Engineer: 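Once you've had a glance at the structure underneath, I'll fire off some questions.
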Amino acid sequence: MWPYHPELLARPVPRYTSYPTAAEFGAHVGAAEQELALSRVSGDVSLYVHIPFCEEICWYCGCNTGRANKVQRLASYLDVLHHEIALLGARLPQGARVRRIAFGGGSPNAITPFDFVRIVDALTVHFPLHDPVVSIELDPRTLGADWGAVIRCVGITRASMGVQTFAPHLQAAIGRVQPEDDILRGTDLLRGAGITSLNFDLMYGLPGQTDEDLADSLGRTARLGADRIALFGYAHVPHLIPRQKRIDASDLPGQEARFRMAWNGWEQLTQAGYQPVGFDHFARPGDALAQATVAGRLRRNFQGFTEDQAPVLLGLGASSISQFPDLLVQNEKNAGRYRMLLSQDRLTGTHGVHRSAEDQEIGTIIKSLLCRGSAEIGADRMFALVEVLTPFAARGLIETSDAVLTIRPEGLPYTRTIAALFDPYRQDSARRFSSAV
Ligand code: SF4
């Protein structure tokens, strides 16, 4: 078991899928900055396409998504998404090459396979695709057989299913009732369609969840042959995500129980042969994510840990975030305003943040700590932070030498907390972020 030091985990910290984090985004960055950044793009580019619809809304979900029950609303979203694809594609300079496409949401399979293929066609027409690796997030509850043919035709090789837990009583507690048959059927369908890297999202820290419940879900996942597993701690933040108010908070595991569950998960999955990836992902040794980890090529972006090396990620769809070396810019979140902007032929970036040289330097340190467990921080920075680093060093969680900070194996669950020490924006984060475990 990792050593438990609750006093070091008391402060809520970001997940650092970017630096600066989305909490630093402001309206001073918008379409003009997005346009300028786009005009400078060259080399490898990744695309993220956001489909903000789901058949059913899970009570815990923090994604920007809504119910796919209104045909007209869905159709008009897809219309403007096509328009955005054309607008963005036309602005991409020659020399840019799209090497990856990720479809996320929401649940991309909340739209029809026909509408999905139309989006793929539009990307093919408007973007310079260079044999891209294509991935998709899927809801196994609504994964019809027709999706198998589409996935094979499009050449999608990576898929991620939201599973969270196999335990029916926990599924009821979080508003995501998902019979195990759906997961088995989805797994078979995806393997048959040519998916070679299959991820399961799972959670610990659910209301009423026991260690045995978690072990059971992890065991079933491993037996089903998941290539990747993302094991997240459930973050109960109803003041930020109102739909979580439906979850009974009286039965949530406390911090110590969450800490133990994170350890149990780590131990069970590593013993089952999975390579730990960062602080909350696991991958089979043959999977590209595991190989990137071992080779020191692991990176982090808005989708979590990734082996994607492209310096630019372009977001398409309401609320999606584009990432440039010196800029982060988020599309309008509100679907109505997103539609309105596109109806005026305008790019939809409305919030974001410039990444100063200092931000980029700190971002490199944070990414390195999260992805590799060590970072070159320089003698000056080491000296400036000696006071806040001392409690971690004194407990044997980190070691420092030659201006390099290394998180020891015992310090893994403290990774985000240690990274946050380098983040000057994190002075008052008590309500905006989740527990560090
Ligand atoms: S299916 Fe996924 S994206 Fe949709 S509400 Fe549930 S957790 Fe959120």
Side-chain angles (χ1 to χ4, degrees), residues 15 17 22 48-70 73-74 77-78 81 102-113 115-116 119 135-144 147 151 158-168 170-183 185-187 189-190 198-207 209 217 221 226 228-238 240-247 280-281 302-304 315-321 330-331 333-335 338 434:
R15 299 194 62 77
T17 52
Y48 170 77
V49 184
H50 190 70
I51 309 291
F53 300 104
C54 296
E55 291 287 340
E56 299 289 338
I57 302 299
C58 313
W59 301 346
Y60 58 86
C61 178
C63 297
N64 175 33
T65 190
R67 287 199 66 187
N69 56 352
K70 297 211 171 92
R73 194 166 56 123
L74 214 140
Y77 179 82
L78 294 177
L81 178 61
F103 293 93
S107 305
N109 59 317
I111 64 174
T112 66
D115 284 333
F116 180 77
I119 294 174
S135 62
I136 188 166
E137 294 170 12
L138 295 162
D139 181 347
R141 296 171 297 179
T142 53
L143 189 58
W147 275 93
I151 286 167
R158 298 183 180 190
S160 176
M161 288 204 293
V163 173
Q164 318 311 346
T165 173
F166 282 79
L170 298 179
Q171 292 180 0
I174 59 172
R176 185 188 179 115
V177 175
Q178 179 167 267
E180 186 166 352
D181 274 356
D182 286 352
I183 301 164
R185 196 177 34 79
T187 302
L189 184 142
L190 293 172
L198 177 59
N199 175 76
F200 278 23
D201 282 347
L202 296 173
M203 284 200 289
Y204 67 84
L206 298 173
Q209 189 177 30
S217 287
T221 298
R228 301 181 181 188
I229 298 168
L231 179 58
F232 300 119
Y234 167 60
H236 190 67
V237 284
L240 299 176
I241 304 172
R243 53 176 79 118
Q244 291 185 347
K245 288 182 183 148
R246 299 183 71 179
I247 293 179
D280 59 4
H281 282 50
F302 292 108
Q303 288 139 58
L316 292 146
S319 80
S320 66
I321 299 174
Q330 182 166 31
N331 282 357
K333 288 187 201 174
N334 178 279
Y338 168 77
S434 58

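Computation of the quantities below employed the complete heavy-atom set of this structure, encompassing side-chain atoms and omitting hydrogens, waters and symmetry-equivalent molecules. Ligands are counted one by one from 1 in listed order, and the atoms in each one are counted from 1 as well. Please read all numbers here as calculations on a predicted model, not as lab measurements.
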Engineer: Would you please test R67 and E56 for side chain to side chain contact (heavy atoms under 4.5 Å, CB included) and show each step?
Structural biologist: CA-CA 6 Å; R67 287 199 66 187; E56 299 289 338; 3.8 Å; yes
Engineer: What's the shortest heavy-atom distance between G106 and H50, and which atoms?
Structural biologist: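 Minimum heavy-atom contact is N-CE1, 4.2 Å.
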Engineer: Is there a side-chain contact between L206 and Y60 in this structure, where contact means two heavy atoms from C-beta onward sitting under 4.5 Å apart?
Structural biologist: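 They are not in side-chain contact.
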Engineer: Just to confirm my output: which protein heavy-atom neighbour is closest to atom 2 (Fe) of ligand 1, and how far is it?
Structural biologist: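 For this ligand atom, the closest protein heavy atom is R176 NH1, 3.8 Å.
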Engineer: Among D115, I51, I111, which residue meets the side chain to side chain contact (heavy atoms under 4.5 Å, CB included) test with L81?
Structural biologist: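 Checked D115, I51, I111 against L81; only one passes side chain to side chain contact (heavy atoms under 4.5 Å, CB included): I51.
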Engineer: Under 3.5 Å, is there a donor-acceptor pair between the side chain of Q209 and the main chain of M203?
Structural biologist: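 Judged by distance alone, yes, a pair lies under 3.5 Å.
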Engineer: Report the C-alpha distance between Q164 and Y204 in whole Å, list the side-chain angles of each, state the deciding distance to 0.1 Å, and finish with yes or no for side chain to side chain contact (heavy atoms under 4.5 Å, CB included).
Structural biologist: CA-CA 8 Å; Q164 318 311 346; Y204 67 84; over 6 Å; no
Engineer: Roughly how far apart are N109 CG and L143 CG, rounded to 0.5 Å?
Structural biologist: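 Between atom CG of N109 and atom CG of L143 there are 5.5 Å.
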Engineer: Can a non-hydrogen atom of R141 be found less than 4.0 Å from any atom of ligand 1?
Structural biologist: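 Distance cut 4.0 Å: R141 passes for ligand 1.
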Engineer: Which of the protein's N, O or S atoms come within less than 2.8 Å of atom 4 (Fe) of ligand 1, not counting waters?
Structural biologist: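 Correct list: C54 SG.
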Engineer: Starting from atom 7 (S) of ligand 1, which protein heavy atom do you reach first, and at what distance in Å?
Structural biologist: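 Nearest protein contact, heavy atoms only, for atom 7 (S) of ligand 1 is Y60 OH, 3.3 Å.
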